[in-house]
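See below for the structure under consideration.
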Amino acid sequence: MSVTAPPTVLRRRAGIAAGAVLLTLITTGCSGVGRTAVGPVSYTTEGDKVVTVHSPSVNGCHKMTPAGAHAIDNRTLVDIILYPTRDCSGRSTAYVATTFSDANAARALPWRSYRFVH
């Protein structure tokens with residue numbers, strides 16, 4: 001004698017499996033859209049003015065004020081790369097890990113843009 005599940009139980013299990021697959025596909029398909037760094041990025045400009053950006057997007061290059069910044073405080077959940085140019089290019093970069101800060105030497109070029117590492 002063979003024991004099998006009733007048809008309603010089999011349909012319910014198939015429906016649950018299909019729903020789980022659909023949910024997984026939707027979640028992975030939208031995971032990169034609108035992601036933010038969750039937390040503030042603060043930087044100090046000339047004249048000791050503090051600029052704070054809350055939860056910026058992890059995508060793209062973020063420009064600072066035209067004069068640039070001489071100190072930065074990364075309180076986000078994502079690491080940052082700082083650039084002395086306005087377009088996130090160049091070789092003289094600095095890496096600021098999550099919850100760390102960076103301050104430039106007095107004669108160094110100010111940071112003018114940053115990009116998240118993700």
Side-chain angles (χ1 to χ4, degrees):
M1 174 171 166
S2 133
V3 177
T4 58
T8 56
V9 172
L10 294 176
R11 277 191 300 249
R12 189 175 326 137
R13 286 181 185 165
I16 291 170
V21 168
L22 182 61
L23 183 61
T24 302
L25 289 174
I26 290 171
T27 304
T28 57
C30 298
S31 65
V33 179
R35 285 189 42 210
T36 64
V38 184
V41 173
S42 298
Y43 57 92
T44 307
T45 65
E46 287 181 356
D48 291 327
K49 180 183 174 191
V50 177
V51 177
T52 302
V53 181
H54 293 280
S55 298
S57 171
V58 295
N59 298 317
C61 180
H62 298 273
K63 295 178 183 176
M64 296 179 182
T65 59
H70 58 81
I72 188 164
D73 189 25
N74 179 13
R75 295 291 171 220
T76 68
L77 300 177
V78 185
D79 297 348
I80 291 176
I81 298 177
L82 301 171
Y83 297 88
T85 60
R86 300 265 301 151
D87 62 353
C88 294
S89 66
R91 294 180 181 237
S92 300
T93 62
Y95 189 92
V96 182
T98 301
T99 69
F100 279 83
S101 301
D102 183 70
N104 264 352
R107 46 189 178 169
L109 290 174
W111 305 120
R112 289 196 168 93
S113 62
Y114 62 95
R115 178 182 306 268
F116 288 99
V117 178
H118 65 100

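None of these values were measured; they are calculated from a predicted model.
Separating the CH2 atom in W111 from the OG1 atom in T85 is a distance of 10.0 Å, to the nearest 0.5 Å. Summarising the geometry, atom CZ belonging to R115 is positioned 10.0 Å from atom CG belonging to N59; distances are rounded to the nearest 0.5 Å. Taking OG1 from T45 and CZ from R112, the interatomic distance works out to 12.0 Å, rounded to the nearest 0.5 Å. Distance check: S42 OG to H54 NE2 gives 7.0 Å after rounding to the nearest 0.5 Å. With values rounded to the nearest 0.5 angstrom, T93 atom OG1 is found 13.0 Å from I80 atom CD1.
Below 30°, between 30° and 60°, or above 60°: for F116 and H62 the angle between ring planes is above 60°, a perpendicular geometry.
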Taking it one step at a time, do T99 and R75 satisfy side chain to side chain contact (heavy atoms under 4.5 Å, CB included)? CA-CA 4 Å; T99 69; R75 295 291 171 220; 3.4 Å; yes
Could you walk me through whether H70 and D48 pass side chain to side chain contact (heavy atoms under 4.5 Å, CB included), step by step? CA-CA 9 Å; H70 58 81; D48 291 327; 3.8 Å; yes
Under the criterion side chain to side chain contact (heavy atoms under 4.5 Å, CB included), I'd like the reasoning laid out for D102 against F100: C-alpha separation, chi angles, the key distance, then a yes or no. CA-CA 7 Å; D102 183 70; F100 279 83; over 6 Å; no
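Here the closest heavy-atom approach between residue M64 and residue L82 is recorded as CE-CD2, 3.9 Å. Nearest heavy-atom pair across S92 and P84 is O-CD, 3.0 Å. Of all the heavy atoms in P110 and A67, the pair that sits closest is CG-O, 3.4 Å. Here the closest heavy-atom approach between residue Y83 and residue Y114 is recorded as CD1-CA, 4.3 Å. Here the closest heavy-atom approach between residue S101 and residue D73 is recorded as OG-OD1, 2.7 Å.
Put simply, the side chain of C88 does not reach to within 4.5 Å of the side chain of K63, judged on heavy atoms.
A side chain to side chain contact (heavy atoms under 4.5 Å, CB included) with I72 is found for one member of N104, V51, V41 and no other, namely V41.
Side-chain heavy atoms closer than 4.5 Å link hydrophobic residues (I, L, V, M, F, W, Y) into clusters, and following such links, even through other members, never connects V117 to V38. Side-chain heavy atoms closer than 4.5 Å link hydrophobic residues (I, L, V, M, F, W, Y) into clusters, and following such links, possibly through other members, connects V53 to V78.
In terms of modelled atom types and a separation under 3.5 Å, the side chain of S55 and the main chain of G39 share a donor-acceptor contact.
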